[in-house]
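Below is one structure; the comments refer to it alone.
Read the numbers this way: they start at 1 and go in the same order the structure lists the ligands and their atoms.
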Amino acid sequence: MELRLDGTHYPLESLGPGKRLGVWFQGCTLACAGCMSRHTWDPEAGSRTTVAEVLALWRRALADGADGLTVSGGEPLQQAAALAELLAGAARLRDGARRHEGTAGPRPADLLVYTGYEPGELTPGLRTALGGADALITGRFRVAEPTPLVWRGSANQRIVPLTALGTARYTPYLDRESVEPRLQIGPGADGRLRLYGVPLRGELLALERRLRQRGVALRERSWRP
Ligand code: SF4
């Protein structure tokens, strides 16, 4: 099945526990004020790929001992059929890898999905698409509600464990604040500078200032209209 992505990154260490494969879906109509990823809004932008190609990345990440898969965006649920197929395939590969000693990490890899939808907005169809996930992080980004909570951009956003693995892995983080850097910076496949993670209020402005002091001027910023 085809899908449209903003990009992928491995190893991702700022959106979920441990070392993860990050997959960012393209397209979001929720238009949260202050969104740092406005470049993911246009459903026709990004690049077209297939679930099979993303699963090949996941297979390599598992062989490397990845702790999990993080799906974000954009809004993953706005490509619900592809998301369902990706999660089902990722769970199958994870469970298969666990059965072959030596190809899995020391603990099972979890599947985490970020969605801007609130739990009450999830229709039966959307819930079905999320069936393979171990945990969700739900809710719109609200710029007026900054938070120190780990992996969340605003205080309203919730970690919702869905499976026994998700409960075991994410319950300790429900109310935990960030202790590690919240942003990971690296080059994207398109040659642009990429920020992975959830900044604190003012952190993006501070980053721009530091870059300017070192002679780096940003021509475009995904957090500005
Ligand atoms: S914060 Fe997330 S849900 Fe909100 S507009 Fe940006 S990509 Fe969409």
Legend entry - Separation between CG of L69 and CG of L21, rounded to the nearest 0.5 Å: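 Going from CG on L69 over to CG on L21, the span is 5.5 Å.
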Inset, instruction - Starting from the C-alpha separation in whole Å, work towards a yes-or-no answer on side-chain contact (heavy atoms from CB on, under 4.5 Å) for H9 and Q184. - result: CA-CA 11 Å; H9 183 73; Q184 197 180 333; 3.6 Å; yes
Inset, instruction - Scan for ring pair (Phe, Tyr, Trp, His ring centres under 6.0 Å) pairs involving residues 13-45, sequence neighbours excluded, and state none if there are none. - result: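 Qualifying pairs: W24-Y196.
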Inset, instruction - Using only heavy-atom distances, determine whether the side chains of T29 and E75 contain a donor-acceptor pair under 3.5 Å. - result: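 E75 and T29 do not have a side-chain donor-acceptor pair below 3.5 Å.
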Legend entry - Atoms in ligand 1 with a heavy atom of W41 nearer than 4.0 Å: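 Per the distance check, 5 (S), 6 (Fe).
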Legend entry - Which residue and heavy atom of the protein sit nearest atom 7 (S) of ligand 1, plus the separation: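 Residue, atom and distance for the closest contact: G74 N, 3.6 Å.
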Inset, instruction - Show which residues join W223 in its hydrophobic cluster (side-chain heavy-atom contacts under 4.5 Å, direct or indirect), or state none. - result: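 Listed partners: M36, L183, I185, L193, L195, L204, L207, L211, V216, L218.
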Inset, instruction - Could you grab the protein N, O or S atoms closer than 2.8 Å to atom 4 (Fe) of ligand 1 for me? - result: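 For atom 4 (Fe) of ligand 1, the protein N, O and S atoms that sit under 2.8 Å away are C32 SG.
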Legend entry - Under-4.0 Å salt bridge between D110 and R169: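 A salt bridge is present here (some side-chain N lies under 4.0 Å from a carboxylate O).
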Legend entry - Pairs touching residues 119-128 that satisfy side chain to side chain donor-acceptor pair (under 3.5 Å), sequence neighbours left out: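 Listed by first then second residue: E121-R140.
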